[in-house]
Amino acid sequence: MTSMNSLMWFRQDLRVADNPALVAACQFAKQHQSKVRAVYIVTPSQWAQHDVAPIQINFIQRHVNLLAQSLAALGIPLDVLHLEWFSDTHAALNDYLQQHNIDAVFAGSEPEINERRRDSGLIEQGLPLTLIDQDCVLASGQVQNLSGDMYKVFTPFSKKWKSIASQKAIVPLAVPAPVAAALPSPAAIEFTCPSRNSEQWAAGEGAAKRILEQFLASQVADYQAERDFPALEGTSRLSPFLAIGVVSSRQCVAAILARYPEALVDDTCAAKTWLNELIWREFYRHLLVAFPHLSMAQNFNELGKGIVWRNNAQEFTAWCDGQTGYPIIDAAMRQLNQTGWMHNRLRMVVASFLTKHLLVDWRWGERYFRQQLIDGDLAANNGGWQWSAGTGCDAQPYFRVFNPMTQSSKFDPDGSFIKRYVPEVARWSLKDIHEPKTVNVNDLFASPQGDSYPKPIVEHKMARLRAIEVLSALKRG
DNA sequence: GGGACTTTGCA
DNA sequence: GCAAAGTCC
């Protein structure tokens, strides 16, 4: 005899609110008057291969612990399975299903190729797994151009996205009702993985909800004006939560619509710029599903294969360490290294500098970002890097090379962000901070301890022309 | 400070 | 024909 229990398998959807797979698991159990269990699977080797940042792993661990508590209140026990690779999942889940008389497994879909292969493999091998689209407001494949294909340009995608979304009720799902008596508070769970303290970030669905509400109440209208200034807290700072699904994009869009009901149809809406950022996220996820080679470190645009990267290892290390001699670049990289997060404007600036000025393969930078970022997300990270390198979709003309000096004076005009992370230049003039001299007279300020600051690693004008020449030669064929 | 530098998808 | 997170002169 079978007891028809159900299993909720949590992955990148670490929340009990607006979680359609969890709701499905609870409904299944209710129909069959049976029980619900939940699992989270830790795969250190797979994560290492995917370059998941230790700080993100720590953030996930904190949320799995909080999730276990929330689920206990609903009468759902959470087990954490420690495996190594995705390929170990089938055997482990099969055992688990037998052990607990489980007949149905529910999980939210994920866009990355290894994750999708794992899931389709499990289904082929007979695991009773039901995947439910949950990581986007509009599921991959639902936003198509008139030829029935995925868009390759953001603006028409976003227009179509809004027109479809405006026809739909965007209503987050409630937390499911308890399925059984509350369970005792679960024991703390620790992953056997490299970990790096993420306590600088509040954790939990409640914290994410508060950040979202506060941002919408007081900042979203100024987002367009303030989002480009790293010294300000002008961005939502929700990316770490979105990346692991502590908050869903549907919750974010619904929260926008609660305050700005016209957001999807009125281009002058105060929330439109931030809404567009959420649509960028969906765009990149849809792209990852439509073009699986993006998950495999390949150029979106075939032409990218022809770029002869310089790939100078010392220059790459200087970039990673924040020692390029361009204060804006170094401040940005040090923010990443010290906090596990970087302001979005600066992500574009440093990516342009690495790929264009230094001609280092965008994959090197993309990988380094994933290794450091608390909000690491393959789709968005890859999309952003390829956009910067000029190998991506939404093609920018190849001669667009960010000028680090212009970007510096435009977006950190008083140098306050730079000085926070590059104290060596604190006493420099603003002009020198924004336009570091190739021959560095500021060495005079170096202290006897030797905390001098490097001269610019590359001269802008030469590097710009060099990058444009490499790319234009490619276009000429 | 406005136009030139460009390619490509999309309607 | 329009647009695309820029720079240069």
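The chains referred to below are lettered A, B, ... by the order of the sequence lines, with proteins before strands, and numbering in each begins at 1.
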Problem set entry | Separation of B:dC5 P from A:Leu471 CG (nearest whole Å) | 18 Å
Problem set entry | Residue A:Arg345, side-chain heavy atoms: nucleotide from C:dG6, C:dA3, C:dC8 that is nearest | C:dG6
Exercise. Using atom P of each nucleotide, how far apart are B:dG1 and C:dA4 to the nearest Å?
Worked result: 22 Å
Exercise. Can you tell me if A:Glu366 and A:Asn382 form a side-chain donor-acceptor pair at under 3.5 Å?
Worked result: yes
Exercise. Expressed as a whole number of Å, how far does the P atom of B:dT8 sit from that of C:dT7?
Worked result: 22 Å
Exercise. Could you go step by step and tell me if A:Arg118 and A:Glu115 meet the salt bridge (charged side-chain N to carboxylate O under 4.0 Å, His left out) rule?
Worked result: CA-CA 5 Å; A:Arg118 173 200 60 201; A:Glu115 281 74 355; 5.5 Å; no
Exercise. At under 4.0 Å between heavy atoms, what does A:Asp228 touch on the DNA or RNA strands: base, sugar-phosphate, or nothing?
Worked result: nothing
For this session: Take A:His343 and A:Phe417, measure what ring-ring contact (aromatic ring centres under 6.0 Å, His included) needs, and give me the verdict at the end.
Result: CA-CA 11 Å; A:His343 189 279; A:Phe417 176 80; 7.5 Å; no
Exercise. Sequence neighbours excluded, which residues qualify as salt bridge (charged side-chain N to carboxylate O under 4.0 Å, His left out) partners of A:Arg310?
Worked result: A:Glu315
Problem set entry | Candidates C:dA3, B:dC10, C:dA5 - which lies nearest the side chain of A:Met348 | C:dA5
Exercise. Roughly how far apart, to the nearest Å, are B:dC10 and C:dA5 at atom P?
Worked result: 16 Å
Problem set entry | Phosphate OP1/OP2 of C:dT7: any A:His357 side-chain N/O under 4.0 Å | no
Problem set entry | side chain to side chain donor-acceptor pair (under 3.5 Å) partner of A:Asp18, the single match among A:Gln251, A:Gln134, A:Arg250 | A:Arg250
Exercise. Do A:Gln335 and A:Arg420 have a side chain donor and acceptor closer than 3.5 Å?
Worked result: no
Exercise. Hey, is the side chain of A:Asn344 pairing donor to acceptor with the base of C:dA5 inside 3.5 Å?
Worked result: yes
Problem set entry | Nucleotide pairing, DNA chain C (Watson-Crick or G-U, distances under 3.5 Å), in dot-bracket with [ ] and | | ||||.||||
Exercise. A:Gln407 side chain N/O closer than 4.0 Å to the phosphate oxygens (OP1, OP2) of C:dA5?
Worked result: no
Exercise. Closest to the A:Asn403 side chain: C:dA3, B:dT6, C:dC8?
Worked result: C:dC8
Exercise. Are A:Phe86 and A:His50 near enough that their ring centres are under 6.0 Å apart?
Worked result: yes
For this session: Could you please name the option among B:dG9, B:dA11, C:dA4 that lies closest to any side-chain atom of A:Asn145?
Result: B:dA11
Exercise. Is A:Phe154 touching bases, backbone alone, or none of the nucleic acid, heavy atoms closer than 4.0 Å?
Worked result: nothing
Seminar exercise, completed: A:Phe283 atom CZ is separated from C:dA4 atom C1', nearest whole Å, by 11 Å
Exercise. Could you state the NZ-P distance from A:Lys410 to C:dA5, rounded to the nearest angstrom?
Worked result: 12 Å
Exercise. Using a cut-off of less than 4.0 Å, is there contact between a side-chain N or O of A:Thr155 and OP1 or OP2 of C:dA4?
Worked result: yes
Exercise. What integer distance in Å separates A:Lys159:NZ from B:dA11:P?
Worked result: 10 Å
For this session: Give the nucleotide from the list C:dT7, C:dC9, B:dG9 with an atom nearest to the side chain of A:Arg464.
Result: C:dT7
Exercise. When the distance from CD of A:Gln144 to P of B:dA11 is rounded to whole Å, what number comes out?
Worked result: 11 Å
Exercise. Taking atom types as modelled, is there a side-chain donor on A:Ser147 or A:Asp149 under 3.5 Å from an acceptor on the other?
Worked result: no
For this session: Could you check how far CG of A:Leu346 sits from P of C:dA5, rounded to whole Å?
Result: 18 Å
For this session: Specify the separation, in whole Å, of atom CZ of A:Phe157 and atom P of C:dA5.
Result: 16 Å
Exercise. To the nearest Å, how far apart are A:Glu302 CD and B:dG9 C1'?
Worked result: 17 Å
Exercise. For A:Phe399, which contact category applies under a 4.0 Å heavy-atom criterion: base, sugar-phosphate, or nothing?
Worked result: base
Exercise. Nearest to the side chain of A:Tyr151 - C:dT7, C:dA3, B:dC10?
Worked result: B:dC10
For this session: If the plane angle is over 60° it's perpendicular, under 30° parallel, otherwise tilted; pick one for A:Phe191 and A:Tyr40.
Result: parallel
